Protein chains: 2
Amino acid sequence: MTARTPNPPTGLRAATLPPVAPRPTLRDVATAAGVHPATASRALNEATRSLVRPATVERVREVATALGYQVNPIARSLKTSRSETVGVLVPDLTNPLFPPIVRGIEDALGASGYTVLTANTDNDPARAASNFAAMQARQVDGFIVATARLDDPLMHEAAERGVPMVLVNRLTEHLDVSAVAGDDATGIARTVDHLVGLGHRDIAHVAGPLNVSTGSVRLRAFRTAMQQHGLPDDRVVVAEAYSDAAGHAATLELLDGRAPTAIVAGNDLLAIGSYDALEERGLSCPEDVSVVGFNDMPFISRLRPPLTSVRVPQYDLGVESARLLLDVLSGRTATPRMVLLPVQLIVRGSTAPPRG
Amino acid sequence: MTARTPNPPTGLRAATLPPVAPRPTLRDVATAAGVHPATASRALNEATRSLVRPATVERVREVATALGYQVNPIARSLKTSRSETVGVLVPDLTNPLFPPIVRGIEDALGASGYTVLTANTDNDPARAASNFAAMQARQVDGFIVATARLDDPLMHEAAERGVPMVLVNRLTEHLDVSAVAGDDATGIARTVDHLVGLGHRDIAHVAGPLNVSTGSVRLRAFRTAMQQHGLPDDRVVVAEAYSDAAGHAATLELLDGRAPTAIVAGNDLLAIGSYDALEERGLSCPEDVSVVGFNDMPFISRLRPPLTSVRVPQYDLGVESARLLLDVLSGRTATPRMVLLPVQLIVRGSTAPPRG
DNA sequence: CCCGAGCATGCAGTCGTTTGCAAGGATCGG
DNA sequence: CCGATCCTTGCAAACGACTGCATGCTCGGG
């Protein structure tokens with residue numbers, strides 16, 4: 001029996017409980033196996049196992065499983081200053097776009113032994129900064145960021161300091177880090193093609209906030225696509241946020257003038273807001289006005305009417321961002337990579353030929 | 001200048017970066033303030049601050065902020081064997097029910113300085129167990145569990161070992177730990193009242209899985225309510241899971257006999273499945289069959305038709321569970337508490353008087 | 001004017017693991 | 001049969017913060 005630190009007096013601990021067996025430590029394993037803790041450490045550690053004689057490795061591992069030994073990640077982290085943990089920053093988990101992304105991240109990182117810390121920033125740069133700092137203090141090995149702004153000092157500073165990170169969905173200008181996003185430009189082009197093909201000429205865009213890349217890229221893509229069809233590209237109103245309320249307000253503004261025959265919304269939430277505004281003005285979709293969303297959020301096909309939308313592979317976005325981060329962390333990656341995942345226009349009941 | 005461990009040779013580090021200033025340590029602060037590390041520790045630590053002369057406290061704190069010192073939570077955890085981290089187990093983050101709960105948990109725990117680790121179990125007890133163990137290895141201070149089964153050995157074992165934990169939404173029988181849930185029984189009673197009030201007599205229940213408390217409690221409540229109205233309580237079919245696919249299958253089975261005039265679904269996803277089944281059989285809702293859901297998931301009001309559902313305060317469920325856990329962790333709580341949050345029937349377009 | 005109480009601070013060990021260095025033994029060639 | 005080499009293992013010092021104990025100081029009462 002080992003004679004190290006005796007347990008504190010347990011008299012006052014909940015008397016009903018059996019004295020909780022303290023988690024065995026590396027020393028316990030070493031003692032039981034008759035080796036030095038250092039040897040046990042090397043035997044149990046994948047990377048250093050080759051330094052130890054196979055028979056010893058075997059013995060140590062047996063004892064370890066017999067005792068139910070698990071390494072203490074805290075102690076290991078303290079020594080190695082890595083934590084096998086990554087931080088994920090999202091604007092808001094209750095926005096249906098993000099759960100699939102986070103799930104993809106967790107699945108992919110979990111498979112490599114990492115755990116995930118998530119934080120919600122509510123699109124507030126100050127909260128992003130404080131969450132970022134808090135996670136760094138917890139020694140996260142890297143970040144996956146879904147909250148980046150087009151011009152984002154926090155991202156630039158972190159990149160310059162060499163913090164391992166990957167952007168997902170939202171990108172930052174002139175930032176030299178790996179990133180994954182949907183192919184927004186193509187998605188918007190297909191959308192406009194589709195509407196023009198139905199006979200629409202008067203097409204408006206309810207753009208998302210221009211300080212995030214999705215808003216700005218989709219707006220630019222909208223203008224380009226309209227120009228290529230020889231149509232006016234100035235029927236644009238910018239929403240304050242990616243929310244149904246903001247989409248509602250922006251669409252109302254749009255409808256204050258002459259109503260377009262079709263609306264390209266910056267994302268699905270904005271499209272829902274458009275639905276509300278149309279109803280409020282007594283216009284029906286798709287008879288009076290067609291509406292297209294973006295992202296193809298879960299359950300969006302069950303709206304009334306079912307929303308035509310651009311499907312973005314959200315789960316895969318998460319998985320791919322995790323892969324890129326793993327590449328960075330393992331040092332395999334020399335230069336940052338930028339991955340654009342293909343998107344697909346899903347035509348449903350919210351688009352139809354214009355009236356008359 | 002301190003003369004401790006010299007930095008490793010930086011020659012091979014990315015040459016473009018300024019030599020990254022290593023995070024200052026407690027020793028750095030102590031040295032700069034001209035005190036012993038122990039004193040600095042006490043000065044910076046809320047609980048022990050009173051042991052240090054106020055002037056010294058002041059000086060140390062100034063130096064600390066000047067140097068940008070932040071405690072290293074890893075080192076602290078190793079010593080204190082607490083991590084200021086809690087683990088959250090959910091079945092699946094992409095199920096719309098859970099993001100609001102998780103968000104509530106993160107907001108409430110974050111305000112108390114805790115960070116949150118989440119894991120998805122996909123309703124698999126083995127995954128739950130391994131995630132549980134992994135989180136324990138990471139020294140989480142406690143758990144909030146949304147994956148509990150009615151009979152759950154893992155929960156019992158953890159409770160017996162005295163692991164601080166709280167159940168949310170799904171409960172376990174005969175388990176002596178704090179828990180929060182919606183008042184399911186009342187919700188179902190109100191639902192049946194509503195349908196009977198509309199004139200329905202032939203009411204069926206598409207129950208959720210009976211191995212989780214929500215499925216079993218709602219079924220029992222359905223039976224009780226039907227009996228109180230003097231109606232048959234045996235029009236019940238049990239779904240394999242809380243998913244639209246399972247709801248679809250279960251409802252088809254139900255419709256294979258004589259169609260009821262109203263369906264009480266175990267939750268909103270099952271109700272969506274009922275929608276699908278009704279459509280497949282050429283029945284319309286609410287004209288032929290009324291449908292009621294449970295939970296009032298985000299965006300459920302936008303279905304076709306808008307779903308009548310029982311609103312459960314999901315975010316508050318999360319907040320309350322976090323509070324209960326904080327009580328346990330602070331030792332303020334003597335006996336486990338069970339909190340039932342009030343629910344409210346939201347009547348929408350999916351319920352109407354029966355035909356004829 | 002001296003001694004004890006009490007406050008403020010320093011000392012050093014500890015949490016559990018990793019890892020550079022050194023030492024012991026075995027092996028092999030000359 | 002001996003010394004050089006390699007392989008295996010042990011030793012001990014970290015990582016950064018916390019904390020029981022010891023110490024030195026100040027202050028007050030007799």
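Computed from a predicted model, the values in this text were never measured in an experiment. Side-chain atoms are counted along with the backbone in the values below, which use heavy atoms only and exclude waters and symmetry mates. Just so it is clear: chains get the letters A, B, ... in the order the sequence lines come, proteins before strands, and each one is counted from 1.
- Rounded to whole Å, the distance from CZ on B:R49 to P on C:dA8 is 14 Å.
- Along DNA chain D, the nucleotide nearest A:A40 and the nucleotide nearest B:R76 are compared for position; the residue whose nucleotide lies closer to the 5' end is A:A40.
- Of the residues near DNA chain C, B:A75 and B:T56, the one whose nearest nucleotide (by heavy atom distance) lies more toward the 5' end is B:T56.
- Taking atom CZ on B:R23 and atom P on D:dG16, their separation rounds to 10 Å, with Å as the unit.
- Contact annotation: B:N45 reaches the phosphate of D:dC18 (side-chain N/O to OP1 or OP2, under 4.0 Å).
- Residue B:T80 places none of its side-chain N or O atoms closer than 4.0 Å to OP1 or OP2 of C:dC15.
- When the P atom of C:dT14 is taken as reference, atom CG of B:L26 falls 20 Å away, rounded to whole Å.
- If you measure from atom CG of B:D28 to atom P of D:dC15, you get 11 Å, rounded to the nearest angstrom.
- Mapping A:N72 and B:P37 onto DNA chain C via the closest heavy atom, the residue that lands nearer the 5' end is B:P37.
- The backbone N or O of A:D122 sits nowhere less than 3.5 Å from a side-chain atom of A:N120 that would complete a donor-acceptor pair.
- Spacing between atom CZ of A:R59 and atom P of D:dT8 amounts to 13 Å, rounded to whole angstrom units.
- If you check distances only, the side chain of B:R42 does reach the base of C:dG10 with a donor-acceptor pair under 3.5 Å.
- Across the protein-nucleic acid pair, A:R53 atom CZ and C:dG24 atom P stand 18 Å apart, rounded to whole Å.
- A:S41 has no side-chain polar atom (N or O) that falls below the 4.0 Å cut-off from OP1 or OP2 of C:dT17.
- Which of D:dC11, C:dG10, D:dA17 sits closest to the side chain of A:A38 comes down to D:dC11.
- B:T25 has a side-chain polar atom (N or O) that falls below the 4.0 Å cut-off from OP1 or OP2 of D:dA17.
- In this structure, A:N72 contributes its side chain and A:A75 its backbone to a donor-acceptor pair below 3.5 Å.
- Distance, A:L78 CG to D:dC18 P: 12 Å, rounded to whole Å.
- No contact: A:I74 has no heavy atom under 4.0 Å from any strand.
- For the OP1/OP2 pair of D:dC11 and a distance below 4.0 Å, the side-chain nitrogens and oxygens of A:H36 include at least one atom meeting the criterion.
- In this structure, A:R82 contributes its side chain and A:D141 its backbone to no donor-acceptor pair below 3.5 Å.
- Looking only at distances, a side-chain donor or acceptor of B:S83 sits under 3.5 Å from a matching main-chain atom of B:Q139.
- For the pair A:R149 (side chain) and A:M155 (backbone), a donor-acceptor distance under 3.5 Å is absent.
- The NZ-C1' distance, from A:K79 to D:dA14, rounds to 4 Å in whole Å.
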